[in-house]
Each structure stands twice: as C-alpha cells, then as structure tokens.
Amino acid sequence: MDTLRGIESFVKAVEGGSIAAAARRLGISAAATSQNIARLESYLGVRLLTRTTRSLAMTDAGRVYYDKVALLIQELELARAAVTDAHQELQGRLCIASTAAFSRHVLAPLIPAFNQRYPRMELELTSTDRRVDHIQESVDVSIRIKQQLDEGMVARKIATVPTIFCASPAYIARAGRPSVPADLREHDCLVFRLAADGRFLRWGFIENGLRFDADVRAAIISDDIDVLARLAVAGGGVTRLAAFVANEYLHRGELIELFSTRECTGFRTEVEPLDLYACVRDRHHLTPKVRAFMDYLAEALPAEWRVA
C-alpha cells in the first residue's frame with residue numbers, strides 16, 4: 001500500500017477536522033481519502049480515528065501517531081516545494097483571508113497584477129472580520145490588524161496605515177467640532193466592534209510619545225467599517241477610519257478630517273495608526289507561494305505605508 005498517502009490523508013483529516021476538509025486540501029475525493037486512512041489503519045493494526053456522520057476524533061493511538069508523523073508531512077511538503085518551485089513557475093491554490101475593508105479597498109485592486117505575474121496560481125480571497133481558522137478553512141495566509149493577532153501564529157508586519165477621525169460637514173455644523181480627544185465624550189461616536197471577540201476597536205492617540213485611549217460615547221456600533229463610513233457621511237457622528245477607506249470621502253468633501261497632527265511649543269498629539277500583519281500558522285507554512293505574495297505586497301502597497 002501507499003503508506004505515505006495514507007499518512008498524508010490522516011494528518012490532513014486531523015488538521016482539517018473532517019474527511020471532506022482533508023479531501024479538499026489533497027485534491028482527491030472524500031471516498032478516496034477515507035479509503036487511504038482505512039488502509040493505513042489496517043497496515044498499522046490499530047484504529048486511528050473515530051468517525052461518525054458529524055464528528056471525527058483521534059483515538060489514543062491516533063494521537064500518539066499524529067504527534068510522530070505531522071512534522072514529517074510538513075517537512076515533506078517544504079522539501080517538495082523547494083525542489084519544484086526552484087525550477088518551475090509557482091502554481092496551485094493560494095487562499096488569502098483578509099479583513100473585509102482591506103480586501104475591498106486595497107487587495108482587490110492589487111491582486112489582478114499578482115495573478116498576471118503568476119498565471120498558473122489559483123487565488124482565493126476570503127473577506128471577513130471574524131476569526132479565521134487557517135487549518136479548517138485551508139487558509140494559507142491572512143491579513144490581520146494588530147488587535148486580531150492570535151498567539152502562536154507567525155506574523156510579519158506589512159504596513160502601517162494612517163487612521164483618520166472624521167465627521168460630515170452637517171454633523172459638525174450641528175454638534176460642533178471636537179478639538180482635542182477629550183471632547184469625544186460629548187459627541188456621537190460611531191464605533192467598530194471586533195467580530196472575533198466582541199470588543200470595541202479602541203480609539204488610540206499618542207501624546208508626547210505616550211499612547212492613550214480616548215474616552216468615547218458609542219452612539220452607533222457596527223462590525224462593518226464601510227457601514228460606519230456611510231453612517232458618518234449621513235451625519236451620524238464621529239468615526240475612525242483607515243486612510244484607504246476615508247480618503248475618497250475626504251476628497252469629495254463628504255467627510256472632514258478631525259485631530260490632524262497639531263504642534264504648539266513642543267506639545268504633540270497624533271492619531272494612532274493601524275498596523276497590518278500577514279500571518280501564517282507556523283514557519284512551516286511560509287511556502288514559496290506565500291512568500292511571493294508577501295513580497296508582492298511589500299512592493300505594491302503605497303510607499304508611505306511600507307514597513308522599513
């Protein structure tokens with residue numbers, strides 16, 4: 001029997017949480033994946049997985065076996081990529097997950113050129129602000145803001161994007177213009193709720209080198225940045241937007257920037273920027289395809305956002 005194929009099917013089933021997920025990652029049918037695992041169990045003489053119609057769990061023997069062979073499969077994948085990608089054009093599936101706003105405003109305009117550079121790659125873009133499971137959802141690389149980073153992941157900072165506090169001319173005419181962060185407690189604030197854990201995204205400032213969070217009164221809450229932008233345009237209140245969302249509204253005069261950097265006798269207050277990271281599960285998942293995408297972003301993002 002093809003023991004290696006059975007081991008690969010077993011490892012992918014454990015990592016993906018199901019036979020179907022393993023089949024998708026391997027590019028074979030679920031029936032073939034199940035048969036590979038069954039033959040491996042027969043060869044070993046032990047049951048590795050307990051399978052029902054709704055769940056999959058490792059037996060005690062399966063857990064011991066997985067701990068021994070999982071790294072082997074990772075190393076084989078890296079070795080395969082190292083020898084094939086060195087002599088062949090990058091190809092195969094690359095799944096990118098990103099926050100919805102970054103996908104919509106930044107990645108969507110950039111990805112076609114990446115696709116033209118590597119035409120044999122099949123790209124999939126998942127746009128969501130919820131927590132993404134790299135293994136179960138077969139995600140190769142995710143783009144996350146600092147507040148969404150998970151412990152244990154390998155994260156590389158790819159950009160520092162200015163954030164802009166803004167409100168519509170109609171709102172400012174009605175409620176006045178806040179001149180310092182402390183004024184925000186008296187204003188209608190439109191705040192973003194992180195889908196991953198339900199927290200509000202804090203409104204940070206840096207004053208004389210020290211970071212602090214503004215005290216805000218949440219008038220309207222949303223888990224969609226573009227909805228908050230539209231609410232602000234409609235006169236709903238003050239909101240905090242990444243520059244790649246805010247700029248088009250500022251250029252059209254639909255929103256007005258607040259708290260632009262002010263200096264007076266050495267006193268300085270700045271709006272905290274938004275740090276963005278490219279994340280992989282671990283160093284073994286920094287494949288040539290992922291590295292190519294990271295390198296492309298490093299050259300394609302606006303120069304003022306790039307990390308030195």
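Remember, predicted model here, so these are calculated numbers, not experimental data.
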A.B. asks: Measuring from Leu297:CG to Leu107:CG, what's the distance to the nearest 0.5 Å?
C.D. replies: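 If we round to the nearest 0.5 Å, Leu297:CG and Leu107:CG are 6.5 Å apart.
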A.B. asks: Would you find a donor on one side and an acceptor on the other, under 3.5 Å apart, between the side chain of Arg177 and the backbone of Leu258?
C.D. replies: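 Here the side-chain-to-backbone pair does not exist.
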A.B. asks: Can you find a pair of side-chain heavy atoms, one from Val245 and one from Leu228, that are under 4.5 Å apart?
C.D. replies: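 No, side chains not in contact.
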A.B. asks: Using a 3.5 Å distance criterion without hydrogens, assess whether the side chain of Arg306 forms a donor-acceptor pair with backbone atoms of Glu299.
C.D. replies: yes
A.B. asks: Tyr277 and side-chain contact (heavy atoms from CB on, under 4.5 Å): which partner among Arg156, Lys146, Gln148?
C.D. replies: Lys146
A.B. asks: May I ask whether Val14 and Val139 are part of the same hydrophobic cluster, defined by side-chain heavy atoms of I, L, V, M, F, W, Y residues being less than 4.5 angstrom apart, directly or through others?
C.D. replies: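 Result: no, two separate clusters.
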A.B. asks: If I compare all heavy atoms of Thr239 with all of Leu190, which pair ends up nearest, and what's the gap?
C.D. replies: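 Minimum heavy-atom separation between Thr239 and Leu190: OG1-O, 2.9 Å.
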A.B. asks: Treating Ile, Leu, Val, Met, Phe, Trp and Tyr as nodes and any side-chain heavy-atom pair under 4.5 angstrom as an edge, say whether Val64 and Val11 lie in one connected cluster.
C.D. replies: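 Each belongs to a different hydrophobic cluster.
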A.B. asks: Closest heavy-atom contact between Gly235 and Tyr171?
C.D. replies: O-CD1, 3.7 Å
A.B. asks: Any idea which heavy atoms bring Arg144 and Ser142 closest together, and the distance?
C.D. replies: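 Shortest heavy-atom contact: NE-OG, 2.9 Å.
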A.B. asks: Can you confirm whether more than 12 heavy atoms, excluding those of Arg202, are under 6.0 Å from its CZ atom?
C.D. replies: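 Incorrect, the count does not exceed 12.
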A.B. asks: Looking at Ala278 and Ile158, what are the two nearest heavy atoms and their distance?
C.D. replies: CB-CG2, 3.8 Å
A.B. asks: How about Asp140 and Lys289: do any of their side-chain heavy atoms sit closer than 4.5 Å?
C.D. replies: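 In short, these two side chains do not touch, never coming nearer than 4.5 Å.
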A.B. asks: Looking only at heavy atoms, which two atoms of Leu255 and Ser168 are closest? And how far apart?
C.D. replies: CD2-N, 3.7 Å
A.B. asks: Are more than 12 heavy atoms, taken from residues, nucleotides or ligands other than Asp60, located less than 6.0 Å from that residue's CG atom?
C.D. replies: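 Not buried by this count: 12 neighbours or fewer within 6.0 Å.
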A.B. asks: Would Ile164 and Leu241 count as a side chain to side chain contact (heavy atoms under 4.5 Å, CB included) here? Give the steps.
C.D. replies: CA-CA 5 Å; Ile164 297 171; Leu241 304 173; 5.5 Å; no
A.B. asks: Could you tell me if the side chain of Asp188 sits less than 4.5 Å from the side chain of Arg217, heavy atoms only?
C.D. replies: yes
A.B. asks: So how far is it from Leu40 CG to Thr3 OG1, rounded to the nearest 0.5 Å?
C.D. replies: 7.0 Å
A.B. asks: State the CD-OG distance between Gln35 and Ser29, to the nearest 0.5 angstrom.
C.D. replies: 7.0 Å
A.B. asks: Between Val132 and Leu276, is there a shared hydrophobic cluster once you connect ILVMFWY residues whose side-chain heavy atoms come closer than 4.5 Å?
C.D. replies: no
A.B. asks: If you measure from OG on Ser98 to CD1 on Ile145, what distance do you get to the nearest 0.5 Å?
C.D. replies: 10.5 Å
A.B. asks: Measure up the Phe165 and Phe259 rings against each other and bin them: parallel (under 30°), tilted (30 to 60°), perpendicular (over 60°).
C.D. replies: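 Answer is perpendicular, since the angle exceeds 60°.
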A.B. asks: For Phe200, enumerate each residue passing the ring pair (Phe, Tyr, Trp, His ring centres under 6.0 Å) test, keeping only those at least two apart in sequence or located in another chain.
C.D. replies: none
A.B. asks: Supply the members, apart from Ile28, of the Ile/Leu/Val/Met/Phe/Trp/Tyr cluster built from side-chain contacts under 4.5 Å; use none for a lone residue.
C.D. replies: Leu26
A.B. asks: Hey, mind stepping through Asn36 and Lys12 against side chain to side chain contact (heavy atoms under 4.5 Å, CB included) and telling me if it holds?
C.D. replies: CA-CA 12 Å; Asn36 288 341; Lys12 297 304 181 186; over 6 Å; no
A.B. asks: Are the charged groups of Arg104 and Asp226 less than 4.0 angstrom apart, N to O?
C.D. replies: yes
A.B. asks: Any salt bridge between Arg24 and Glu124, counting N to O under 4.0 Å?
C.D. replies: no
A.B. asks: Measure the acute angle between the ring planes of Phe10 and Tyr66, then classify it against the limits of 30° and 60° as parallel, tilted or perpendicular.
C.D. replies: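 Phe10 vs Tyr66 ring planes: perpendicular.
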A.B. asks: Checking Leu194 against Asp129 for the side chain to side chain contact (heavy atoms under 4.5 Å, CB included) test, could you report, in this order, the C-alpha distance in whole Å, the side-chain angles of both residues, the deciding distance, and whether it holds?
C.D. replies: CA-CA 7 Å; Leu194 292 163; Asp129 290 308; over 6 Å; no
A.B. asks: Are Phe102 and Leu149 connected in a single hydrophobic cluster, I mean Ile/Leu/Val/Met/Phe/Trp/Tyr linked by side-chain heavy atoms less than 4.5 Å apart?
C.D. replies: no
A.B. asks: Quick one, Leu286 and Met294 - any side-chain contact, counting heavy atoms below 4.5 Å?
C.D. replies: yes
A.B. asks: Would you list the pairs meeting salt bridge (Lys or Arg N to Asp or Glu O under 4.0 Å) in which at least one residue belongs to residues 271-281, sequence neighbours left out?
C.D. replies: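 Those involving residues 271-281 are Glu15-Arg281, Lys157-Asp275, Arg211-Glu272.
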A.B. asks: Can you check whether Leu274's main-chain N or O pairs, donor with acceptor, with Thr163's side chain at less than 3.5 Å?
C.D. replies: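 No, because the side chain of Thr163 does not come within donor-acceptor range (under 3.5 Å) of the backbone of Leu274.
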A.B. asks: Do Tyr65 and Val69 make a side-chain contact, defined as non-hydrogen atoms from C-beta onward lying under 4.5 Å apart?
C.D. replies: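 Tyr65 vs Val69: side chains touch.
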A.B. asks: Are the side chain of Asn247 and the backbone N or O of Ala243 linked by a donor-acceptor pair below 3.5 Å?
C.D. replies: yes
A.B. asks: Verify, without hydrogens or angle tests, whether Tyr118 (side chain) and Phe293 (backbone) share a donor-acceptor contact under 3.5 angstrom.
C.D. replies: no
A.B. asks: Rounded at 0.5 Å granularity, tell me how far CG in Leu94 sits from CG in Leu125.
C.D. replies: 10.0 Å
A.B. asks: So, does Glu137 use its side chain to make a donor-acceptor pair with the main chain of Cys95 at under 3.5 Å?
C.D. replies: no
A.B. asks: Would the distance check show the side chain of Ser138 and the main-chain N or O of His134 forming a donor-acceptor pair, the cut-off being under 3.5 Å?
C.D. replies: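 Answer holds: no.
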A.B. asks: Evaluate whether atom CZ of Arg47 has more than 12 neighbouring non-hydrogen atoms of other residues, nucleotides or ligands under 6.0 angstrom away.
C.D. replies: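 No.
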A.B. asks: Checking Glu41 side chain against Leu48 main chain: does a donor-acceptor pair fall under 3.5 Å?
C.D. replies: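 It does hold such a pair.
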A.B. asks: Do Phe192 and Arg240 have side-chain heavy atoms sitting under 4.5 Å apart?
C.D. replies: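 No, too far: nothing below the 4.5 Å cut-off.
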A.B. asks: Should the pair Phe244 and His105 be assigned to parallel (<30°), tilted (30 to 60°) or perpendicular (>60°) ring geometry?
C.D. replies: tilted
A.B. asks: Given 3.5 Å as the limit, does a donor-acceptor pair link the side chain of Ser9 with the main chain of Arg5, or not?
C.D. replies: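 Yes; at least one donor-acceptor contact below 3.5 Å.
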A.B. asks: Taking all non-hydrogen atoms of both residues into account, name the closest pair between Met153 and Cys279 and its distance.
C.D. replies: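 Scanning both residues completely, I find the closest heavy atoms to be CE-CB, 4.1 Å.
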A.B. asks: Using side chain to side chain contact (heavy atoms under 4.5 Å, CB included), reason through Ile225 and Thr99 one step at a time and then give a plain yes or no.
C.D. replies: CA-CA 10 Å; Ile225 288 293; Thr99 61; over 6 Å; no
